[in-house]
Amino acid sequence: MTYSGDVTPGGPSDVRELGAATIRKMSVSDMHNNVYLLTCTATGQQLLVDAADDPERCLALVAEGTGRLDHLVTTHQHWDHVRALEEVAGATGARTYAGAEDADALPLAPDVRLVQGDTITVGDLVLDVVHLRGHTPGSVALSWRDPAGVTHLFTGDSLFPGGVGNTKQPGQSFDALYRDVVERVFAVYPDDTWFYPGHGGDSTLGAERPHLDEWRERGW
């Protein structure tokens with residue numbers, strides 16, 4: 001596998017070919033926000049995760065795939081993840097999604113308000129919605145189980161290599177986020193699950209699982 005998940009703002013996307021799907025990852029802005037494009041190989045339908053910034057670059061990523069955008073998911077309400085949302089949605093006509101509790105804080109009201117247990121169908125691909133409370137009230141992750149391989153999990157800012165997302169600001173809760181990440185991610189998905197966070201590099205659940213008690217003890 002040539003995919004590494006290491007991308008830099010303004011640099012080229014990294015591409016992961018999975019047979020039934022292709023995942024493209026790029027980084028935008030000085031916040032090093034990750035933007036992901038999931039393409040269904042059989043149908044050409046595409047889903048974008050977080051139109052974080054630089055709408056022209058986001059649209060160029062869409063064009064690197066099949067050129068269409070059917071679905072646009074915002075993982076959470078924070079400003080650095082939504083700066084290109086209105087422009088990309090307007091240019092593509094994509095159906096928009098966000099967690100129900102974060103929806104009213106977005107610059108563009110989503111077409112669909114997501115809750116735990118929802119699914120999003122992208123051609124032949126079915127993604128499960130995982131509601132992870134604590135970083136924001138309505139943060140969501142997306143899970144796709146590759147029938148020919150491992151599970152792929154887009155975690156927004158709720159889970160990173162080395163720990164859960166930031167919970168130091170008013171209204172955030174480490175206890176809530178840690179509990180949801182343990183119960184709804186680590187207790188559900190196997191160690192070979194590959195996850196794609198909102199900033200920085202990727203990891204697997206197996207690489208992070210041995211450190212869960214350490215995260216709990218340090219409180220971040």
Side-chain angles (χ1 to χ4, degrees), residues 1-28 33-76 81-99 103 106 108-114 117-130 140-156 189 192-198 202:
M1 182 180 72
T2 59
Y3 174 85
S4 69
D6 296 325
V7 291
T8 57
S13 61
D14 200 0
V15 182
R16 188 170 189 178
E17 301 283 358
L18 297 167
T22 299
I23 296 172
R24 289 177 169 83
K25 175 182 182 179
M26 72 171 189
S27 177
V28 295
N33 290 87
N34 293 328
V35 181
Y36 299 96
L37 183 73
L38 178 68
T39 305
C40 172
T41 304
T43 66
Q45 282 201 25
Q46 299 196 123
L47 177 147
L48 190 78
V49 179
D50 283 346
D53 197 19
D54 195 346
E56 292 80 9
R57 183 68 185 90
C58 289
L59 293 171
L61 183 68
V62 171
E64 288 179 25
T66 61
R68 61 188 284 182
L69 188 62
D70 305 273
H71 313 276
L72 200 173
V73 177
T74 299
T75 59
H76 64 290
H81 290 260
V82 301
R83 288 168 287 181
L85 174 59
E86 290 179 284
E87 293 91 336
V88 173
T92 61
R95 189 168 179 82
T96 56
Y97 306 75
L106 300 181
L108 179 69
D111 297 316
V112 180
R113 295 173 179 240
L114 299 170
D118 280 351
T119 59
I120 300 174
T121 300
V122 184
D124 291 347
L125 314 177
V126 178
L127 283 70
D128 294 319
V129 174
V130 185
V140 293
L142 300 176
S143 166
W144 175 60
R145 297 176 187 256
D146 183 352
V150 305
T151 295
H152 300 268
L153 188 65
F154 302 91
T155 58
Y189 301 104
D192 61 0
T193 298
W194 190 288
F195 72 87
Y196 307 81
D202 310 342

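Predicted, not measured: the structure shown is a model, and the values here were computed from it. These numbers come from the heavy atoms of this one structure, side chains and all, not from hydrogens, waters or symmetry mates.
The structure places OG1 of Thr41 at 7.5 Å from CG of Leu125, a figure rounded to the nearest 0.5 Å. Here the CZ-CG distance, from Phe154 to Leu142, works out to 7.5 Å after rounding to the nearest 0.5 Å. To the nearest 0.5 Å, atom CG of residue Leu37 and atom CG of residue Leu69 are 7.0 Å apart. The CG atom of Asp50 sits 3.5 Å away from the OG1 atom of Thr75 when rounded to the nearest 0.5 Å.
Val88 has its side chain within reach of Leu72: a pair of non-hydrogen atoms, C-beta onward, lies under 4.5 Å apart. Residues Val35 and Val49 are not in side-chain contact: their nearest non-hydrogen atoms beyond the backbone lie 4.5 Å or more apart. Pro197 places a side-chain heavy atom less than 4.5 Å from the side chain of Thr155. Contact check for Ser13 versus Arg57: side-chain heavy atoms found under the 4.5 Å cut-off. When side chains are defined from C-beta on, Val129 does not count as touching Val73, because their heavy atoms never get closer than 4.5 Å. Within the 4.5 Å cutoff, the side chain of Arg145 has heavy atoms near those of the Tyr189 side chain. Arg16 has its side chain within reach of His152: a pair of non-hydrogen atoms, C-beta onward, lies under 4.5 Å apart. Between Arg83 and Asn33 there is a side-chain heavy-atom pair separated by less than 4.5 Å.
Partners of Asp202 according to the salt bridge (Lys or Arg N to Asp or Glu O under 4.0 Å) rule, which considers only residues two or more places apart in sequence or in another chain, are Lys25. Not counting sequence neighbours, the partners of Asp70 by the side chain to side chain donor-acceptor pair (under 3.5 Å) test are Arg68.
Between Tyr196 and Tyr36, the angle of the ring planes goes over 60°, which puts this pair in the perpendicular group of the 30/60° scheme.
Sorted by first then second residue, the side chain to side chain donor-acceptor pair (under 3.5 Å) pairs that include residues 85-96, not counting sequence neighbours, are Thr96-Asp111.
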